[in-house]
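Here's the structure, in structure tokens; my notes come after.
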Number of protein chains: 2
Amino acid sequence: MARAKLTVNLEAIADNWRSLRRLSRDGTDTAAVVKADAYGLGAAEVAATLLRSGARIYFVALAEEGAQLRHALGGEVEIFVLSGYQRCDGGLVSSCNLIPVTNSAEQFFNHRLDFPDGPAALQLDTGMNRLGMEAEEFRIVREAPAGAAPILVMSHLACADEPSHRQNRSQLEEFLSMTDGMAVRRSLAATGGMFLGQDFHFELCRPGIGLYGGLPHRGARPVVHLDIPVIQVRDVQPGETVGYGADWSANVPTRVATLSAGYADGIFRLLGNRLTFHADGIPCRAIGRISMDLITVDVSRLPKDPESLQLLGQHQTIDDLADCASTIGYEILTSLGNRYERVYGIG
Amino acid sequence: MARAKLTVNLEAIADNWRSLRRLSRDGTDTAAVVKADAYGLGAAEVAATLLRSGARIYFVALAEEGAQLRHALGGEVEIFVLSGYQRCDGGLVSSCNLIPVTNSAEQFFNHRLDFPDGPAALQLDTGMNRLGMEAEEFRIVREAPAGAAPILVMSHLACADEPSHRQNRSQLEEFLSMTDGMAVRRSLAATGGMFLGQDFHFELCRPGIGLYGGLPHRGARPVVHLDIPVIQVRDVQPGETVGYGADWSANVPTRVATLSAGYADGIFRLLGNRLTFHADGIPCRAIGRISMDLITVDVSRLPKDPESLQLLGQHQTIDDLADCASTIGYEILTSLGNRYERVYGIG
């Protein structure tokens, strides 16, 4: 088999959800963010596991994602759609019982017009300037003639992964000020916000990356293992080059393994010579350029030719790999490609 | 609709295939490389279009890709599997009538054992040191007792996108030397190799990126358009910040649009402030960090708020975007995510 295998440990995701739930203030619900196909790991499989663990509230980015999730989970859970309410999505909102997180007064009133009794949430902008109503717009909504009230008022922190950043406190204060006196469920914290203290928890926390084993959830269990088959091994002599552009050349006799995955599988091309694989814990460096479907690795130090090499697992986490790629663990996950054989384990 | 729309112009792909076919030496066949789901654009749709245009020979990376392609195209075409022959893939090879491109003597003889009359191809390493038999190993295959001969002998150029690189000529000479006297169909050139001259064409060329509108096929028609909906627009005052980390702050009053796509859709996070969108040809710069599902863009210079902004199209090709990301157009294509609404046009 030349197809690489991505193992997703569903029990680890459930454990991570439970440990975040334990962190929450008493009386705070714990949702699960499963947008972007559960950060690339499979929203249907992940959410079904979390449902069995007790999660009853889910967040997705798009109405289409919400529809798929409803199909997977059935009718009992709340599904919030973060991108807001677009009138053309009304059919999905209605047929799949989705709760739009309205981001503007226009969206809020459009939703109320289209679904006078339908549940809606409401996002406030407390300083990130990305999605949500600002104070003046929100005042219009609050002062509007009575109608269906939002069932959740939320906002999002821009700097939660930097606990000492002053914007965390200023967004908290803005959120408190904007929602003062409202008798409504409130939510401010995603994974990072949950670690800023219980002041940030309100009635609902919304962890995402922390479920999937990524920072800033330091105690998280790792969730993914990625093993890539070796489909050929050869000896390369000093002076010979390897790969596109003949960029890499051997200084000493080198045993080179060719692996059956590449940038089409979400292993960023820019990682090139910075990438490390492991064989039973022994690190092996990639050499030459990453191809679309193939990566070449120096396996000279191994006692025998490996059948596969590990990219993600106990020796290299998503955050380790993210550091190599100058990005964050979230992007490592969401970039995992479609070609892997996905194996859902509970080990 | 918050879901972004990716338009794939199938007729442009067919035109690109035809123009590459016209470039080939008389008597040379022109295959189509549709590995990695046709570079992310949809192997079934792309290959069905090329089949109608006359393409009869296809290349994929994995046996699983070959099986899907066989299902889409029916029984009349040749499907070559570049990753080689692994015995555990024998079932797929047999049931889907796939032709493994064997990369070692072991693979070649295993295939002959498993399928004494089954067609196999053979890859030679002529200097890239990635996949394929080296001269000594190939001699064993050539000198083996008579049996099913390979139906294609091929190799791959490492530096074809740099026409003046001396490795092009050295690989050609090695290929000629290794295959001297063999009465067999030969193939050396992918898109780049096709432009190196007819010496490189042999009996079969195998264009990939050139079909999809990418360099080094300079005359190619662009194939993809990517338009991303604007789901909110706001005014940001001097001193206010936008997005994660509060990295970007306004020096002047700025109109900021929030777009419904992000790094989970293959828009690399590292592009951050380097990314440009277009509204009716007017460029607009992204500001702040790219989020998983959202991108913020300065639209101050537009006469009115846009409903969507274009990332790929006539004003910015896959190669333009690749330059911004310090990569190649191939990776822009293969990274396009699953959430887009894919529209297959023939315009």
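Throughout, protein chains are lettered first and strands after them, A, B, ... in sequence-line order, and every chain is numbered starting at 1.
Of the inter-residue distances, the one linking E65(B) atom CD with R3(A) atom CZ reads 9.5 Å to the nearest 0.5 angstrom. Rounded to the nearest 0.5 Å, atoms OG (S83(A)) and CG (L259(B)) are 12.5 Å apart.
Looking at R130(A), both its backbone and its side chain come within 4.5 Å of chain B, counting heavy atoms on both sides. Residue Y85(B): no heavy atom, backbone or side chain, is found under 4.5 Å from chain A. Using a 4.5 Å cut-off between heavy atoms, V242(A) contacts chain B through both its backbone and its side chain. Using a 4.5 Å cut-off between heavy atoms, D265(B) does not touch chain A at all. For a residue to count as touching a neighbouring chain, one of its non-hydrogen atoms must lie under 4.5 Å from one of that chain's; by this rule A2(A) touches chain B with backbone and side chain alike. Within the 4.5 angstrom heavy-atom criterion, no atom of E106(A) approaches chain B. Neither the backbone nor the side chain of N168(A) comes within less than 4.5 Å of any heavy atom in chain B. Q107(A) touches chain B through its side chain: at least one heavy atom from C-beta onward sits under 4.5 Å away, while N, CA, C and O do not. Residue contact with chain B, scored on non-hydrogen atoms closer than 4.5 Å, involves the side chain of D125(A) exclusively. With a 4.5 Å cut-off on non-hydrogen atoms, L82(A) does not touch chain B at all.
Interface residues of residues 292-300 of chain A toward chain B, defined by a heavy-atom distance below 4.5 Å and sorted by number: M292(A), D293(A), L294(A), T296(A).
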Test log, rule side-chain hydrogen bond (donor to acceptor under 3.5 Å, both in side chains), inputs N338(B) and N338(A): CA-CA 9 Å; N338(B) 297 325; N338(A) 297 326; 3.0 Å; yes
Could you walk me through whether I231(A) and L131(B) pass the side-chain contact (heavy atoms from CB on, under 4.5 Å) test, one step at a time? CA-CA 8 Å; I231(A) 58 173; L131(B) 271 188; 3.8 Å; yes
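For the pair E331(A) and R269(B), the salt-bridge criterion is not met [side-chain N within less than 4.0 Å of a carboxylate O].
Between I328(A) and Y263(B) there is a side-chain heavy-atom pair separated by less than 4.5 Å.
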